[in-house]
Amino acid sequence: MIDIQLLRTNLDAAVAPLAARGYAFPREAFLALEAERKEIQTRTQELQAARNAQAKRIGQAKAKGEDAGALMAESGAINARLGKLEQTLAQTQERLRQFLDGIPNLPHESVPQGTSAQDNVEQRRWGSPRAFDFPPKDHVDIGAALGMLDFETAAKLAGARFVVMRAGLARLHRSLAQFMLDVHTQEHGYTETYVPYMVSGECANGVSSLAKFRDDLFKLEGRDLYLIPTAEYPVTNFVRDEIVPLESLPLKFVCHSPCFRSEAGASGKDTRGMIRQHQFDKVELVQIVRPEDSYRCHEELTAHAETILKKLALPYRTVVLCSGDMGFSSAKTYDIEVWLPGQNAYREISSCSNFEAFQARRMQARFRNEKGKPELVHTLNGSGLAVGRTLVAILENYQNADGSITVPHALRPYMGGAEKITRA
RNA sequence: GGAGAGAUGGCAGAGUGGUCGAAUGCGGCAGACUCGAAAUCUGUUGUACCCAUCGGGUACCGGGGGUUCGAAUCCCUCUCUCUCCGCCA
C-alpha cells in the first residue's frame with residue numbers, strides 16, 4: 001500500500017515514479033475522491049459530535065429525574081441524517097481503499113528506468129560457463145536418461161507442470177534444501193522456520209494485492225485459504241498487526257517450503273521441463289528491518305543468495321530490474337540468473353526485493369522507534385534459492401558425457417558421500 | 001465431533017447501559033534525591049483520522065452486524081484461546 005499522506009501532500013512526487021514503472025496515476029479521479037471523502041467525513045464527525053453531546057444531556061437530565069422526552073426527540077432527527085451519512089462515508093472510504101490497493105510501489109531512485117526485461121541492468125557476473133567437449137543436453141533429457149525425472153507419471157497424477165523425481169535426483173533435491181538451510185542458518189544468521197502452506201486472504205493481501213493477483217494463486221474450495229506461492233506469504237505475515245520492540249530488529253528468517261502457482265498468465269511459456277511448475281520447492285529469505293537499514297540489508301540478502309551459487313560453483317549474473325519489470329510491491333529488485341548450458345542462457349533462480357514500507361503498511365507491521373512511537377518496518381525477501389531450478393542448473397552444468405552427474409563438493413556430505421549420480 | 005469458559009491499553013487486571021479512552025498494579029519516559037546506581041517520591045505514558053495557529057472533534061475494549069437517545073457493558077454471528085470428553089499422524 002502506497003502512503004496516502006504522500007499523495008495528499010506531494011502528489012507529483014508519486015505520479016512521476018509511478019509513470020516510470022508504467023502506471024498512469026488517475027490524478028483527477030483521485031483528487032475528486034479525496035475531496036469527497038474529506039467533506040463527508042467532516043460532516044459526519046460534526047453530526048456524531050452533536051449526537052454524543054445530546055446523549056450526554058439526556059443522561060444528565062435523567063440523572064436529575066427530569067423529563068428527557070423533548071431531548072430524545074431531537075436525537076431522533078439527528079440520527080436519521082447521521083445514519084445515511086455514515087453509510088455514504090463507509091462507501092467512499094471503501095472506494096478509496098480499493099483505489100489505493102491497486103497502486104504499485106514507488107521504484108527506488110537507484111532503479112533504472114525501462115519498460116521491459118531488456119532494460120534490466122547487469123550488476124556483476126561470477127564464474128564462467130563451462131566449455132563442453134560434447135554437446136550438452138538439457139535437464140529433461142539428462143533426467144530421462146537417468147530414469148529419475150518423470151513428467152509422464154506426474155501428468156497422470158496431476159496434469160501438466162508437475163514432476164516426479166526418483167532415486168538420486170529426489171535425494172539431490174532434498175540435499176539442496178538441507179544445504180541451503182544450513183548455510184543460511186549457520187553462516188548468515190537466519191532463524192529456520194516451519195510454516196503453514198496455506199494462508200488466509202488477509203495475509204495474501206498483506207504482501208501483494210489479492211484483488212489484482214488472485215488468479216495466480218490456488219484457492220481452497222469453500223474456504224478463505226490459499227496455497228502459498230512462496231514462503232514470503234506466511235513468513236512476512238509473522239509481524240502483521242504487530243508492534244515489535246526496536247531491539248528485536250532485524251528479524252531474519254529462512255524457510256524451506258513448497259510453492260504453488262497457477263501460472264495463469266504463462267500458458268505456452270517454459271512448458272518444457274521443470275523451469276516453471278505448479279509446485280516447486282524454494283528456500284526463502286525474509287528480513288524485517290529498520291527503515292534506515294533496508295538498502296544495506298537488501299545488498300546483504302542478495303549476497304546471501306549468491307553465496308549458495310558460489311558454493312555450488314554455478315556461474316551466475318546479477319541484474320537490477322528496471323522500473324517497468326518490477327513486481328507490484330517492490331521498490332527495488334535484484335534477479336540472480338544462473339547459467340543453463342541446456343538453454344545457452346542465464347535464467348532467473350532468485351529474486352531479491354526491498355519492499356520498503358509497502359507491505360508493512362498493508363499488514364500494519366510496525367516497531368517502536370527510539371522515541372517510543374510505532375513506525376512501519378521495512379520488509380525484504382529473496383529466494384535463497386529456488387530448489388527446483390538449482391537442481392536443473394546442477395544437472396546441466398555438472399553433466400558428463402556418459403550421462404552421469406557429478407555431485408558438487410558442497411553437496412556430497414548430504415548425499416552420503418556420493419561423487420556421482422548414475423543410472424541404476 | 002460434543003460440553004463448558006473466555007478475548008479490555010506494552011503486560012497483568014477492574015469495569016455488566018450514561019459522568020469510560022477506560023480504575024489499579026507492573027513496565028516505559030521525564031524530573032527530584034544521589035558522586036553514580038538501587039530504593040523512594042513527583043509527573044507523564046494507546047492508535048488512526050478530521051478541522052484548526054493555540055486548541056477542538058471523531059473512531060477504536062478480538063472481527064462483523066443489531067438493540068438503544070446513549071454500548072467495553074445487552075442481543076446475534078464469526079474467529080481465536082483455554083478446560084474436559086471423543087477421535088487421530
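Below, chain A is the first sequence line, B the second, and so on; all start at residue 1. When reading the values below, keep in mind they use all heavy atoms of this one structure, side chains included, and skip hydrogens, waters and symmetry mates.
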Taking atom [atom2] of [N] as reference, at what distance in whole Å does atom [atom1] of [X] sit?
X	N	atom1	atom2	answer
A:Arg361	B:A48	CZ	P	12 Å
A:Gln87	B:G65	CD	P	11 Å
A:Ile40	B:C51	CD1	P	13 Å
A:Glu247	B:G28	CD	P	12 Å
A:Arg366	B:G46	CZ	P	14 Å
A:Asn369	B:C29	CG	C1'	13 Å
A:Ile243	B:U47	CD1	C1'	7 Å
A:Asp241	B:U79	CG	P	18 Å

Kindly say whether [Y] contributes a backbone atom to a donor-acceptor pair with the side chain of [X] at under 3.5 angstrom?
X	Y	answer
A:Asn397	A:Ala393	yes
A:Arg366	A:Pro374	no
A:Gln123	A:Val121	yes

Quiz item: What residues, two or more places apart in sequence or in another chain, satisfy side chain to side chain donor-acceptor pair (under 3.5 Å) together with A:His278?
Solution: none
Practice problem: Sequence neighbours left out, what passes side chain to side chain donor-acceptor pair (under 3.5 Å) with A:Arg362? Give chain and number order. | Solution: A:Asp101, A:Asn205
Using the [atom1] atom as the reference point in each nucleotide, state the distance between [N] and [M] in Å, no decimals.
N	M	atom1	answer
B:C82	B:A30	P	38 Å
B:U77	B:U67	P	16 Å
B:U34	B:C29	P	22 Å
B:A23	B:G55	P	22 Å
B:C78	B:C87	P	27 Å
B:G10	B:G63	P	13 Å
B:G6	B:A59	P	29 Å

Self-check item: Minimum heavy-atom distance A:Cys297-A:Gln287, with the two atoms named
Solution: CB-OE1, 3.5 Å
Quiz item: Hey, is A:Glu247 close enough to A:Arg368 for a salt bridge, meaning N to O under 4.0 Å?
Solution: no
Pair assignment for [N], Watson-Crick or G-U wobble, requiring both distances under 3.5 Å:
N	answer
B:U40	B:A32
B:C82	B:G4
B:G21	none
B:U58	B:A48
B:G10	B:C26
B:A89	none

Atom pairs, protein N/O to nucleotides 57-61 of chain B N/O, distance under 3.5 Å:
from: B:G57; atom 1: N2; to: A:Gln45; atom 2: OE1; distance (Å): 3.0
from: B:U58; atom 1: OP1; to: A:Asn52; atom 2: ND2; distance (Å): 3.2
from: B:U58; atom 1: O3'; to: A:Gln48; atom 2: OE1; distance (Å): 3.3
from: B:U58; atom 1: O2'; to: A:Gln48; atom 2: OE1; distance (Å): 2.6
from: B:A59; atom 1: OP1; to: A:Arg51; atom 2: NH2; distance (Å): 2.8
from: B:A59; atom 1: OP2; to: A:Asn52; atom 2: ND2; distance (Å): 3.4

Quiz item: Using a cut-off of 4.0 Å on non-hydrogen atoms, how would the nucleic acid contact of A:Glu202 be classed: base, sugar-phosphate, or nothing?
Solution: nothing
Exercise. Quick one: label A:Pro374 by what it contacts on the DNA or RNA (base, sugar-phosphate, nothing), any heavy atom closer than 4.0 Å.
Key: sugar-phosphate
Quiz prompt | Selection residues 202-231 of chain A - residue pairs positive for salt bridge (Lys or Arg N to Asp or Glu O under 4.0 Å), sequence neighbours left out | solution = A:Glu202-A:Arg240
Practice problem: Scan for salt bridge (Lys or Arg N to Asp or Glu O under 4.0 Å) pairs involving residues 408-421 of chain A, sequence neighbours excluded, and state none if there are none. | Solution: none
Quiz item: How many angstroms lie between CZ in A:Phe280 and OG in A:Ser257, if you round to the nearest 0.5 Å?
Solution: 8.0 Å
Quiz item: How are the rings of A:Phe151 and A:His139 set relative to one another: parallel (under 30°), tilted (30 to 60°) or perpendicular (over 60°)?
Solution: perpendicular
Just the atom pairs and distances: protein N or O near nucleotides 15-19 of chain B's N or O, under 3.5 Å.
from: B:G18; atom 1: N2; to: A:Ala55; atom 2: O; distance (Å): 2.7

Quiz item: Can you tell me if the side-chain N/O atoms of A:Lys373 get under 4.0 Å from OP1 or OP2 in B:G46?
Solution: no
Exercise. Can you figure out which of B:G10, B:C51, B:C69 approaches the side chain of A:Thr42 most closely?
Key: B:C51
